[in-house]
Amino acid sequence: MTMKITIVSSHGGPPEIGIAAKGKVFTASTSFEYVHQKANGAGTIALMSLILYPDLLEKFNREALLNGVQRDINCVTLLPPVPDASRPIFCVGKNYHDHVAEGARAGEAKDTPKSPIFFTKIASNAIGTDAPIISWRETAEIDYEAELVVILKKRVKNILPSQVKEAVFGYTLLNDVTARDLQRKHNQWFKGKNLDTFCPVGPWIVTADEIEWPPHLNLTLAVNGVKRQNLFTKDMIFDIAAVVSELSKGMTLEPGDMISTGTGAGCAFGMEKPEWLKPGDVVEIRSEGIGVLRNYVLEPRGESD
Ligand code: MG
């Protein structure tokens, strides 16, 4: 059964793992937490333990839905579902033909990549749905990129594309927010893609069990309700199997690792007159079967204005 696994905070309280279902979030009962702690000698249930131990995930899901604490989903904060913030989020650039084409119109290379182009986003920088993207003064060109993220459940190295399916735990959405002017200034991608808050992830992780392989999903992105992007994951230049296989060559990938698979056309930098994100804008990524990742853009406040 497909599950939507969330990390939630209620009224500013500590993060808890929850199951999202029917407009509610179910978290474990105190007694279930107590039994888990006795059995594992560990603290509260972590997202990583649910990835590592499928039996615990089944038990947790059953218990939370039957005996857990239920809250209206609109009354909790959905935190970014990042299993291990000490690992980077691996990303692929230029992985859709129409995005390569719009990049070429904006002055970037026009050739289709012959191998996946990897870079990383800082996972500890991730924000959840409904959290603000800050429009830092260091950039005047904030762009958006709707992407599908795959989450691994196994430690893998040098795996073949045909082995990747067995290593996938689930999926979520990511907005690869990018400062285009900083990308150009520094002549690489890392800095412009890693300003604080430039990493919305969520709203939850959908487990892979009932999603067909390879996942053929449609993602749309709208700014203030106007659709800008409409991509189909079947159009990736390098599909998930190829991307994970290539990334794992000579480099161990860990359970909980997240790989963001690139975006399609419709970014601001591809427009004749780019409509960059500005304070007050609402950016919404939707994918049927996963959910909605919605963020708004805010002016900076405080010491680093
Ligand atoms: Mg991207």
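Both counts, for ligands and for their atoms, begin at 1 and track the order of listing. FYI, the numbering just counts along the sequence from 1. Please read all numbers here as calculations on a predicted model, not as lab measurements.
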### salt bridge (charged side-chain N to carboxylate O under 4.0 Å, His left out) partners of residues 205-226, not counting sequence neighbours, each pair once
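Salt bridge (charged side-chain N to carboxylate O under 4.0 Å, His left out) check on residues 205-226 returns no pairs.
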### Message
Taking Lys94 first and then Glu108, would you say they form a salt bridge - that is, a charged N and a carboxylate O separated by under 4.0 Å?
### Response
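Result for this pair is yes, salt bridge flagged.
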### Query
How many protein N, O or S atoms are found at a distance of less than 2.8 Å from the Mg ion (ligand 1)?
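With waters ignored, the protein N/O/S count below 2.8 Å is 3.
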### Query
Shortest non-hydrogen contact from Asp281 to Trp276?
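Between these two residues, the closest heavy atoms are OD2-O, 4.0 Å.
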### Message
Show the nearest heavy-atom pair for residues Leu174 and Ile89, with the distance to one decimal.
### Response
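Minimum heavy-atom contact is CD1-CG2, 4.0 Å.
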### Task
Verify the cluster assignment for Leu52 and Met3: are they in a single hydrophobic cluster under the rule of side-chain heavy atoms below 4.5 Å apart?
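Same cluster: Leu52 reaches Met3 through Ile, Leu, Val, Met, Phe, Trp or Tyr contacts under 4.5 Å.
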### Test log, rule salt bridge (Lys or Arg N to Asp or Glu O under 4.0 Å), inputs Glu145 and Arg228
CA-CA 10 Å; Glu145 297 185 356; Arg228 300 264 189 104; over 6 Å; no
